[in-house]
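One-based numbering, in listed order, for ligands and for the atoms of each. As a basis for the values below, the full set of heavy atoms in this structure was taken, side chains included, without hydrogen atoms, waters or symmetry mates.
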Amino acid sequence: MAKVIVFGSMNMDLSIEAERMPAAGETIAGRGFLTNPGGKGANQAVACARLGAKTHMLAAVGADTFGDELVADLEAAGVDCSRVVRTERETTGVAVILRCAGDNRIVLHAGANHALGASEAEAALREVAAPGDVLVCQGECDFDATLAAMHVAHELGLHVVYNPAPARALPGAAWADIDLVCLNETESEAMCGVLPADEASARAACERLRALGARSVALTLGGAGSVGVDERGSSAVVPAVALGKVLDTTAAGDTYIGALAAGVVRGLSLEESMRWGTVAAGITVTRLGAQRAIPTAAEVAAAMEGVAH
Ligand code: RIB
């Protein structure tokens with residue numbers, strides 16, 4: 001059976017909630033501090049594994065206690081970490097997260113996430129990949145390494161899923177390597193110049209991204225759900241679901257992307273994967289933290305029973 005390979009970031013998240021954003025020079029009291037495994041790449045890998053896909057992680061962490069914890073937790077989630085590199089040259093990536101008014105703001109220390117260059121990413125991928133596998137990349141690793149991974153994956157016959165977060169303009173030729181680009185509103189503006197404000201502008205953004213070269217697009221719109229266009233040009237609009245009180249939106253997007261990648265392995269259509277991912281992310285936001293908030297396939301299936309589509 002095909003598998004998912006994630007070339008991506010692994011961060012220790014230091015997360016705290018505040019009533020409001022502090023002003024410059026101001027100190028305010030926070031609450032609900034937690035240290036927990038995150039990183040967009042590792043979160044997406046956990047989502048893929050919990051949703052039933054065989055998943056490999058290609059990444060680097062420092063030779064430190066955060067690195068030890070991140071690898072142990074990822075393995076416990078069922079992700080193959082045999083190609084996660086330990087480097088003495090950098091410390092493990094860290095994300096400082098401020099949760100405020102139902103949303104979050106994140107400051108990253110990339111650290112070891114930039115340790116793998118293009119040749120290392122390509123070599124690791126060639127060792128583990130087989131035609132029909134899915135490669136998932138984001139924007140938290142070395143940019144050239146990410147481009148190289150997507151290019152070699154495309155050449156090897158993998159299905160390439162790209163989440164441009166943080167967003168950065170791609171060289172024109174790189175779009176041809178992407179089977180599915182999954183992004184939010186601000187990333188859409190950065191990648192194609194269209195900031196979706198409603199369904200019509202979201203569809204326009206999808207078409208613009210397809211004109212750039214991505215074969216399919218899934219565009220997330222926060223509380224307004226998501227809009228997608230598949231490789232045949234068929235569009236889908238999936239409303240968000242409310243499955244309880246929103247506690248923490250960290251890793252909601254990563255859960256959704258993990259469902260899209262696992263959906264490819266399962267042979268789901270883009271629209272089916274979007275619905276699956278919407279419910280999975282709807283569960284994630286009702287829980288605190290990143291990887292620890294991501295549900296299993298059984299939890300998603302149970303929640304889907306109660307969601308009218
Ligand atoms: O998408 C959420 C993730 O972004 C967090 O877990 C944090 O590590 C940052 O990478």
Practice item. Provide, to 0.1 Å, the distance between atom 4 (O) of ligand 1 and the closest protein heavy atom, together with that atom's residue and name. Key: K40 NZ, 3.1 Å
**Study point:** Student check: side-chain heavy atoms of V96 and I16 closer than 4.5 Å
**Key:** no
**Study point:** N/O donor-acceptor pair under 3.5 Å between D248 side chain and R287 backbone
**Key:** no
Exercise for review: Please report which non-hydrogen protein atom sits nearest to atom 8 (O) of ligand 1, along with the residue it belongs to and the distance in Å to one decimal place.
Suggested key: D13 OD1, 2.6 Å
Exercise for review: Go through ligand 1 atom by atom and flag the ones less than 4.0 Å from a non-hydrogen atom of G38.
Suggested key: 6 (O), 8 (O)
**Study point:** Salt-bridge criterion met for R203 and E207 (N-O under 4.0 Å)
**Key:** no
Review point. Between Q44 and G41, is there a donor-acceptor pair closer than 3.5 Å when you use the side chain of the first and the backbone of the second?
Key: no
Check your understanding: Numbering the atoms of ligand 1 from 1, which are under 4.0 Å from a heavy atom of A95?
Key -> 7 (C), 8 (O)
Practice item. Below 4.0 angstrom from a heavy atom of I106, which ligand 1 atoms are there? Numbered from 1 as shown, please. Key: 4 (O)
Revision key, fill the gap. Output for pair (D254 CG, N163 CG), nearest 0.5 Å, gives 6.5 Å
**Study point:** ligand 1 N/O within reach of G39 N/O, cut-off under 3.5 Å
**Key:** yes
Practice item. Would you confirm whether S188, through its side chain, and V194, through its main-chain N or O, come within 3.5 Å as a donor-acceptor pair? Key: yes
Revision key, fill the gap. of all protein heavy atoms, closest to atom 1 (O) of ligand 1 is D254 OD2, 2.7 Å
Exercise for review: Answer with yes or no whether the side chains of R99 and T250 bring together a donor and an acceptor at under 3.5 Å.
Suggested key: no
Practice item. Answer with yes or no whether S9 contacts ligand 1, where contact means a heavy atom under 4.0 Å from a ligand atom. Key: no
Study note, to complete from the structure: Nearest non-hydrogen protein atom to atom 3 (C) of ligand 1, with distance, is N43 ND2, 3.6 Å
Review point. Looking at atom 10 (O) of ligand 1, what's its closest protein heavy atom, distance included?
Key: E140 OE2, 2.6 Å
